[in-house]
Amino acid sequence: MSPDKLEQFWGVNRKLMETQGEEHFRYIPFRIYQADSERPFIQKLLRPVSPDGTVLTLNHLVQAVNHHRQHTGAVRVVTHGISPPLDTPLQWLSVNLSYADNFLHLVLTPCSQQP
């Protein structure tokens, strides 16, 4: 991105990151990469809070994705070269570990495999 487009980027990005008077984002976009599946990645939107007000965590996201995967054992989640704890709230992950495209990019591997 050229330096002259940086202000334009942040102008749009700020709007995407606003919570509009709420405590949480409406949706968090994520992309999960998975080598052990027929689908190399899953890309969706996820609400960071359940309808009953429960704050959703990385573990909730992993469980939702594992529901559709062939491998249902323990998995390791990696983003930015680290493995965040599974009890990390999705809102926190989105604010602190999203890429410039505002997506959480996560890699899922079975615990027996190294990234």
Side-chain angles (χ1 to χ4, degrees):
M1 176 181 306
S2 66
D4 58 325
K5 299 284 186 183
L6 191 57
E7 284 301 316
Q8 183 180 7
F9 165 78
W10 281 112
V12 172
N13 195 46
R14 255 191 288 311
K15 290 178 185 176
L16 292 172
M17 299 296 287
E18 288 177 354
T19 56
Q20 299 174 0
E22 297 178 22
E23 189 175 331
H24 299 87
F25 296 145
R26 180 177 281 171
Y27 291 102
I28 295 174
F30 70 89
R31 191 172 207 183
I32 290 185
Y33 303 89
Q34 46 192 7
D36 67 335
S37 174
E38 291 179 11
R39 295 174 62 190
F41 67 88
I42 296 172
Q43 179 173 307
K44 292 186 179 184
L45 294 173
L46 183 69
R47 292 183 183 271
V49 179
S50 71
D52 68 1
T54 302
V55 173
L56 299 181
T57 65
L58 183 55
N59 190 50
H60 290 105
L61 176 60
V62 169
Q63 288 176 358
V65 171
N66 269 345
H67 176 70
H68 302 290
R69 292 171 46 129
Q70 290 177 331
H71 181 276
T72 57
V75 295
R76 179 175 183 224
V77 181
V78 178
T79 184
H80 295 282
I82 62 168
S83 292
L86 292 178
D87 62 349
T88 306
L90 290 175
Q91 177 76 24
W92 188 92
L93 286 171
S94 181
V95 169
N96 294 288
L97 296 175
S98 287
Y99 283 74
D101 61 2
N102 285 325
F103 275 74
L104 276 175
H105 291 268
L106 307 166
V107 177
L108 260 61
T109 59
C111 279
S112 62
Q113 292 182 1
Q114 296 297 319

**Report entry** For Thr88, side-chain hydrogen bond (donor to acceptor under 3.5 Å, both in side chains) partners two or more places apart
**Finding:**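 For Thr88, no residue satisfies side-chain hydrogen bond (donor to acceptor under 3.5 Å, both in side chains) once neighbours in sequence are set aside.
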Query raised in the report: Considering residues at least two apart in sequence or located in another chain, which fulfil the side-chain hydrogen bond (donor to acceptor under 3.5 Å, both in side chains) criterion with His60?
Result: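 For His60 the side-chain hydrogen bond (donor to acceptor under 3.5 Å, both in side chains) partners, ignoring immediate neighbours, are Thr57.
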Are any non-hydrogen side-chain atoms of [X] and [Y] less than 4.5 angstrom apart?
{"X": "Leu90", "Y": "Leu61", "result": "yes"}
{"X": "Pro48", "Y": "Val55", "result": "no"}
{"X": "Asp87", "Y": "Leu58", "result": "no"}

**Report entry** Derivation of the side-chain contact (heavy atoms from CB on, under 4.5 Å) call for Leu93 and Leu106
**Finding:** CA-CA 11 Å; Leu93 286 171; Leu106 307 166; 5.6 Å; no
Report task. With sequence neighbours excluded, give me every ring pair (Phe, Tyr, Trp, His ring centres under 6.0 Å) pair touching residues 76-97. Result -> His80-Tyr99
Query raised in the report: Does Arg31 make a cation-pi contact with Phe41 (under 6.0 Å, within 45 degrees of the axis)?
Result: yes
Query raised in the report: Got a second to check how far Lys44's NZ is from Ile28's CD1, nearest 0.5 Å?
Result: 15.5 Å
**Report entry** Distance (rounded to the nearest 0.5 Å) between Asn96 CG and Leu104 CG
**Finding:**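 If we round to the nearest 0.5 Å, Asn96:CG and Leu104:CG are 10.0 Å apart.
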Report summary line: What one should report as the nearest heavy-atom pair of Phe30 and Leu46 is CE2-CB, 3.8 Å
Report summary line: Pro84 and Thr79 have their tightest heavy-atom pair at CG-CG2, 3.9 Å
Query raised in the report: Just by modelled atom types, is the Val77 backbone N or O under 3.5 Å from a matching donor or acceptor in the Ser83 side chain?
Result: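 Yes; judged by distance alone, with no hydrogens or angles, the pair exists.
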Query - Polar side-chain atom of Gln91 near backbone of Phe25 as donor-acceptor pair, under 3.5 Å - result: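 Flag set: sc Gln91 to bb Phe25 pair under 3.5 Å.
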Query raised in the report: Do Phe103 and Val95 belong together in a cluster built from hydrophobic side chains that touch within less than 4.5 Å?
Result: no
Query - CA sep, side-chain torsions, deciding dist, call: Leu108, Val65, side-chain contact (heavy atoms from CB on, under 4.5 Å) - result: CA-CA 10 Å; Leu108 260 61; Val65 171; 4.1 Å; yes
Query raised in the report: For Thr109 and Arg76, does a side-chain donor sit closer than 3.5 Å to a side-chain acceptor?
Result: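 No, no side-chain donor-acceptor contact under 3.5 Å.
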Query - Derivation and outcome, side-chain contact (heavy atoms from CB on, under 4.5 Å), residues Tyr33 and His105 - result: CA-CA 8 Å; Tyr33 303 89; His105 291 268; 2.8 Å; yes
